[in-house]
Visitor: 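What follows is a structure written as structure tokens; I'll ask about it next.
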2 protein chains.
Amino acid sequence: MRPREFDHDDVLRIAFDQFWRKGVRGTSLSDIARDAGVQRGSLYNAFGSKEALFLQAYERYAGDYLVALQKALGAGSLRKRLTAFFDLTITNFRSGSPPRGCPTTRGLMELGATEGEGLDEDARRAFANLVSRITALVQDTLSAGAERGEFSGNPAVAALHIITVTRGLAVLERAFDDEPQLRKIAVHTIDLVLGKGAR
Amino acid sequence: MRPREFDHDDVLRIAFDQFWRKGVRGTSLSDIARDAGVQRGSLYNAFGSKEALFLQAYERYAGDYLVALQKALGAGSLRKRLTAFFDLTITNFRSGSPPRGCPTTRGLMELGATEGEGLDEDARRAFANLVSRITALVQDTLSAGAERGEFSGNPAVAALHIITVTRGLAVLERAFDDEPQLRKIAVHTIDLVLGKGAR
DNA sequence: GACGTATTTGACACGATGTCAAAAACATGC
DNA sequence: GCATGTTTTTGACATCGTGTCAAATACGTC
């Protein structure tokens with residue numbers, strides 16, 4: 001059989017970058033094909049469809065991101081861990097050239113928009129899955145913190161609250177493009193969760 | 001001069017409904033034209049472009065929504081006001097048929113995605129403007145509450161935190177479709193802000 | 001060295017946005 | 001009452017996007 005003339009992973013990286021910058025619906029397969037030096041038809045042959053290509057590119061990213069988060073949440077006092085978590089979150093959707101933004105949040109709000117199902121539904125599941133796993137990581141961190149007496153509250157509820165704030169930050173980032181503001185909100189959230197508001 | 005054969009506001013309503021349900025990029029002017037019983041060309045003549053039409057439809061919605069929010073924030077104890085605020089927020093992006101979601105958040109993440117500027121930038125400004133105005137409303141409510149001794153904290157920061165949570169709720173809504181969870185997060189947020197966490 | 005299989009390539013169908021000129025419908029002035 | 005002028009409507013067109021398909025191609029394999 002004839003061997004493939006392009007690198008699978010290279011294409012996924014290039015595709016994800018384009019999707020991230022211009023949105024899924026705003027990126028054409030012609031764009032990606034041109035950037036990757038591949039024929040459009042080859043992409044269809046290799047990945048099936050535009051959204052299938054996006055899904056694979058996204059899963060790639062999600063895996064890497066989860067690993068980085070796990071690392072950020074893994075050392076130091078509870079406050080340090082949460083600070084590192086928010087830092088990584090904000091850095092993630094502020095890196096690279098604008099308009100970037102959080103890929104997961106972008107995807108969640110942009111896809112899954114069709115009334116029926118289909119691939120959009122698969123994408124929604126992928127996004128939701130990453131959010132779930134991040135929430136679990138935060139919850140575990142809080143539980144461990146509670147055992148060490150650094151936190152007294154409901155880890156499940158607090159983790160949900162924290163994850164909600166990070167998603168909100170992803171939205172505010174696009175509305176205002178004001179990084180100091182985002183960091184202020186993050187610090188304030190940590191204070192509230194750790195009970196510094198209990199003054 | 002020849003009179004228009006369709007009602008300007010009717011079209012805006014129909015268009016907004018479609019945009020809301022299927023996303024801006026997922027809705028075609030042909031769809032709207034068919035639904036509204038208007039020729040596609042007439043829409044271009046009357047509104048200029050798809051995104052201009054969306055902008056007008058959105059502004060319409062934003063005005064109505066702001067009025068409703070103002071009402072929700074205007075009566076009762078501070079806790080009651082904030083509860084009404086979160087209720088309205090959640091109800092807003094859970095009303096109607098799926099997949100709905102918060103129009104502003106949907107728009108913010110979907111539009112403003114092009115690297116350059118143009119109409120996307122106008123849309124971004126419109127979204128950001130609504131978020132700003134809502135934040136101001138919440139901040140005023142908190143300030144008033146502080147004067148009555150119902151709140152002791154920085155109204156500006158707390159308002160930002162609250163608005164961040166509402167945007168996060170809009171994202172979680174699409175990820176999980178779990179309304180009780182959203183309401184739980186809302187209650188928890190109010191507790192944190194009002195200092196019930198100060199036990 | 002011939003064969004089979006997977007990839008590449010280019011043409012095609014279809015639908016979307018946006019433009020334009022010609023046709024149509026009404027208000028206005030004579 | 002009728003001609004005029006302005007605006008809307010209408011349909012054709014150009015362009016670009018997705019997705020499909022069959023023919024051509026290039027490589028492992030026997």
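Just so we're on the same page: letters track the sequence lines, and every chain starts at 1.
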Visitor: Students should find this one: the first and last nucleotides of DNA chain D, 5' to 3', lying under 4.0 Å from a heavy atom of chain B. What are they?
Guide: D/dG5 to D/dG11

Visitor: Expressed in angstrom and rounded to an integer, what is the separation of B/R40 atom CZ from C/dA16 atom C1'?
Guide: 8 Å

Visitor: Would you be so kind as to tabulate the donor-acceptor pairs closer than 3.5 Å made by side chains of residues 160-170 of chain A, with sequence neighbours excluded?
Guide:
{"from": "A/H161", "atom 1": "NE2", "to": "B/H161", "atom 2": "NE2", "distance (Å)": "3.4"}
{"from": "A/T164", "atom 1": "OG1", "to": "A/L160", "atom 2": "O", "distance (Å)": "2.6"}
{"from": "A/T166", "atom 1": "OG1", "to": "A/I163", "atom 2": "O", "distance (Å)": "2.7"}
{"from": "A/R167", "atom 1": "NH1", "to": "A/T105", "atom 2": "OG1", "distance (Å)": "3.1"}

Visitor: Taking the side chain as every heavy atom from C-beta outward, state whether B/F93 and B/L182 have any pair of such atoms under 4.5 Å apart.
Guide: yes

Visitor: Could you go step by step and tell me if A/E173 and A/R94 meet the salt bridge (charged side-chain N to carboxylate O under 4.0 Å, His left out) rule?
Guide: CA-CA 8 Å; A/E173 191 268 338; A/R94 294 227 102 219; 3.4 Å; yes

Visitor: What is the distance, to the nearest angstrom, from the CG atom on B/D31 to the P atom on C/dG15?
Guide: 12 Å

Visitor: Are any of the side-chain nitrogens in B/D17 or B/K22 under 4.0 Å away from the carboxylate oxygens of its partner?
Guide: no

Visitor: Please check if the distance between the ring centroids of A/Y58 and A/F127 is under 6.0 Å.
Guide: yes

Visitor: Do any of residues 2-12 of chain B sit with a heavy atom less than 4.0 Å from DNA chain D, and if so which?
Guide: B/R2, B/P3, B/R4, B/E5, B/F6

Visitor: Report the residue (A/L43 or B/G41) whose heavy-atom-nearest nucleotide on DNA chain C is the more 5′ of the two.
Guide: A/L43

Visitor: Angle class for the A/F16/A/W20 ring planes (parallel below 30°, perpendicular above 60°, tilted otherwise)?
Guide: tilted

Visitor: Do B/R25 and B/E110 meet the salt-bridge criterion of a basic N to acidic O distance under 4.0 Å?
Guide: no

Visitor: Just how far, in rounded Å, is P of C/dG18 from CD1 of B/I32?
Guide: 11 Å

Visitor: Both A/S30 and B/S42 contact DNA chain D. Which one's nearest nucleotide lies toward the 5' end?
Guide: B/S42

Visitor: Rounded to whole Å, please give me the gap between CG in B/N45 and C1' in C/dA21.
Guide: 13 Å

Visitor: Starting at CZ of B/F47 and ending at P of C/dT19, how long is that distance when rounded to a whole Å?
Guide: 16 Å

Visitor: Both B/M1 and B/G48 contact DNA chain C. Which one's nearest nucleotide lies toward the 5' end?
Guide: B/G48

Visitor: Considering just the side-chain nitrogens and oxygens of A/Q39, establish if one lies under 4.0 Å of OP1 or OP2 belonging to C/dT8.
Guide: no

Visitor: Charged N to carboxylate O below 4.0 Å: is that the case for A/R34 and A/D31?
Guide: yes

Visitor: Would you please say whether a donor-acceptor pair under 3.5 Å links the side chains of B/T104 and B/Y65?
Guide: no

